[in-house]
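Beneath this line is the structure, given in structure tokens, with notes to follow.
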Amino acid sequence: MHAALILCLIAAATPVLARDDGRYANSPLKSWFESLQSDFGQCCTNADEYMVLDSDWDSDRGHYRVHIEGEWVVVPDGAVVKEPNRAGPTMVWKYYIDGHPRVRCFMPGSMT
């Protein structure tokens with residue numbers, strides 16, 4: 001699932017959903033992606049992951065927000081993944097409440 005994200009990064013510079021169909025089981029980053037956590041738990045559990053263009057996120061005084069499906073969503077401090085980003089691009093794992101996107105995990109990329 002997560003290796004697909006890396007391949008999509010190479011192929012396109014637009015937000016990409018990642019799905020695990022088993023093709024990338026041997027990716028060197030697979031176990032790293034599966035280990036990622038925020039204060040809300042594992043990032044890859046019950047959340048969609050995709051990369052975010054630099055123009056679709058920003059930070060202000062140590063707080064982040066991300067543009068998801070036409071909405072600017074404030075990233076809760078607890079959703080920020082604290083380990084270094086080995087994949088490169090900014091990534092967000094989202095879920096929905098009342099039809100609005102929320103952030104489960106957020107990993108800043110090169111803009112930080």
Residue pairs involving residues 72-84 (criterion salt bridge (Lys or Arg N to Asp or Glu O under 4.0 Å); sequence neighbours excluded): D39-K82
So, the side chain of [X] versus the backbone of [Y]: is there a donor-acceptor pair under 3.5 Å, distance only?
X: T90; Y: P108; value: no
X: R104; Y: F40; value: yes
X: E34; Y: C44; value: no
X: N85; Y: G88; value: yes

Evaluation steps, salt bridge (charged side-chain N to carboxylate O under 4.0 Å, His left out), between K94 and E69: CA-CA 11 Å; K94 63 182 178 171; E69 298 172 16; 2.4 Å; yes
Which one of M91, M107, Q37 satisfies the side-chain contact (heavy atoms from CB on, under 4.5 Å) criterion with V81? M107
Heavy-atom closest contact ([X] atom, [Y] atom, distance):
X: V75; Y: A79; answer: CG1-CB, 4.0 Å
X: G41; Y: C105; answer: O-SG, 4.1 Å
X: S38; Y: G78; answer: CB-O, 3.2 Å

Test side-chain hydrogen bond (donor to acceptor under 3.5 Å, both in side chains) applied to R102 - qualifying residues, sequence neighbours left out: none
Side-chain contact test, heavy atoms from C-beta onward, threshold under 4.5 Å: evaluate it for F33 versus E49 and give yes or no. yes
Check whether any side-chain heavy atom of I68 lies under 4.5 Å from a side-chain heavy atom of V103, and answer yes or no. yes
Is the positively charged end of R65 above the ring of W72, judged by distance under 6.0 angstrom from the centroid and angle within 45° of the axis? yes
Measuring from L36:CG to R86:CZ, what's the distance to the nearest 0.5 Å? 9.0 Å
With clusters defined by side-chain heavy atoms of hydrophobic residues (ILVMFWY) lying less than 4.5 Å apart, directly or transitively, does Y50 cluster with Y64? yes
Hey, would you say the W57 and F106 ring centroids sit under 6.0 Å apart? yes
